[in-house]
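Since the model is a prediction, treat every value here as computed from it, not as a measurement. The residues of the chain are indexed from 1 along the displayed sequence.
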Amino acid sequence: KNRRLLLHSDSPRMSSTAGAGEHSSSSRPGKEREEGADDSNRKVDDEGDLSLELYGAEAGWVEARTSCPHLPAMPAASADELARVPAPDSQCSRCHHPSENWLCLICKDVLCSRFINKHMLYHYQETGHCIALSFSDLSVWCFACDSYLDAQSILELRPVYEVAHLLKFGERPPFRSLEVLDLSSGQNGGSSSSS
């Protein structure tokens, strides 16, 4: 069954260019649909307010990527590298804000989100370090791809995701099975190579 999301004319609109759940400041009030969209899902309630019923991706459903060309920028997941993952309650290294912080998966710096002082975004713009893990919900974002990455299905992300999950919850994450055919390499379950 589809869930219904109603956006009213005074609701902020999510923007794909804003990225990582940021509301777009450039959208005009009351503009809840893309140009050229049909009006079949627009409704007027008893008070005369216009609302829009959205389903799936139109309602803000985010489909995380299962691959990313920027993963080689991450250091190998050695024991020493994983030991550098700080506690999820770490403060932003620039402004010391205690929440909404992200871990740069390239250099392991902890910086605040775009909802606080945008230090992780500035870090990406200054250094090109584009892959980060949210300490709030353990999601992984690639700034260069402007997309979430699926830490469950991307083998290179699993070790750091597992360490962050252990630090945050005190237990290992429940990973999905990877016994699916990796169509890009023709191998089962991942990126191992035979010699």
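Distance OH/Tyr124 to CD1/Ile106: 11.5 Å, rounded to 0.5 Å. If you take NZ on Lys108 and OG on Ser90, they are separated by 13.0 Å, rounding to the nearest 0.5 Å.
Residues Ala151 and Phe175 share a closest heavy-atom pair of O-CE2, 4.2 Å. Among all heavy-atom pairs drawn from Ser67 and Ile154, the shortest one is N-CD1, 3.8 Å. In terms of heavy-atom proximity, Pro88 sits nearest to Ala164 at CG-O, 4.0 Å. When every heavy atom of Trp102 is checked against every heavy atom of Met120, the shortest pair comes out as O-CE, 3.2 Å. Shortest non-hydrogen contact noted between Lys168 and Ser136 is NZ-O, 2.9 Å. Pairing each heavy atom of Cys92 with each of Cys112, the nearest pair is SG-N, 3.4 Å.
Cys130 has its side chain out of reach of Cys145: every pair of non-hydrogen atoms, C-beta onward, lies at least 4.5 Å apart. The side-chain heavy atoms of Glu81 and Val160, taken from C-beta on, include no pair separated by under 4.5 Å. A heavy-atom distance below 4.5 Å is not found between the side chains of His129 and Phe143. Inter-residue side-chain proximity for Leu157 and Leu133 is flagged as unmet; no heavy-atom pair is nearer than 4.5 Å.
At a cut-off of 3.5 Å, with distance as the only test, a side-chain donor of Asp137 or Ser139 sits close to an acceptor on the other residue.
Following chains of ILVMFWY side-chain contacts shorter than 4.5 Å, one can reach Val163 starting from Phe169, so the two form part of one hydrophobic cluster. A single hydrophobic cluster is seen to contain both Leu149 and Met74, as judged by linkage of ILVMFWY side chains at heavy-atom distances under 4.5 Å, directly or through other members. Criterion: ILVMFWY side-chain heavy atoms under 4.5 Å apart, direct or through other members. Under it, Ile116 and Trp141 are not part of a common hydrophobic cluster.
Not one N or O on the side chain of Arg65 forms a donor-acceptor pair closer than 3.5 Å with the backbone of Asp150. Judged by distance alone, with hydrogens and angles left aside, the side-chain atoms of His165 form a donor-acceptor pair with the main-chain N or O of Glu171 at under 3.5 Å. At least one donor-acceptor pair under 3.5 Å links the side chain of Ser93 to the backbone N or O of Val110. Lys118 places no side-chain N or O within 3.5 Å of a backbone atom of Phe115 that could act as its donor or acceptor partner.
Checking Leu167, Leu103, Asp109, Asn101 one by one against Pro86, the side-chain contact (heavy atoms from CB on, under 4.5 Å) holds for a single residue, Leu103.
Using a 30° and 60° split on the angle between ring planes, Tyr122 and His119 fall in the perpendicular class, above 60°.
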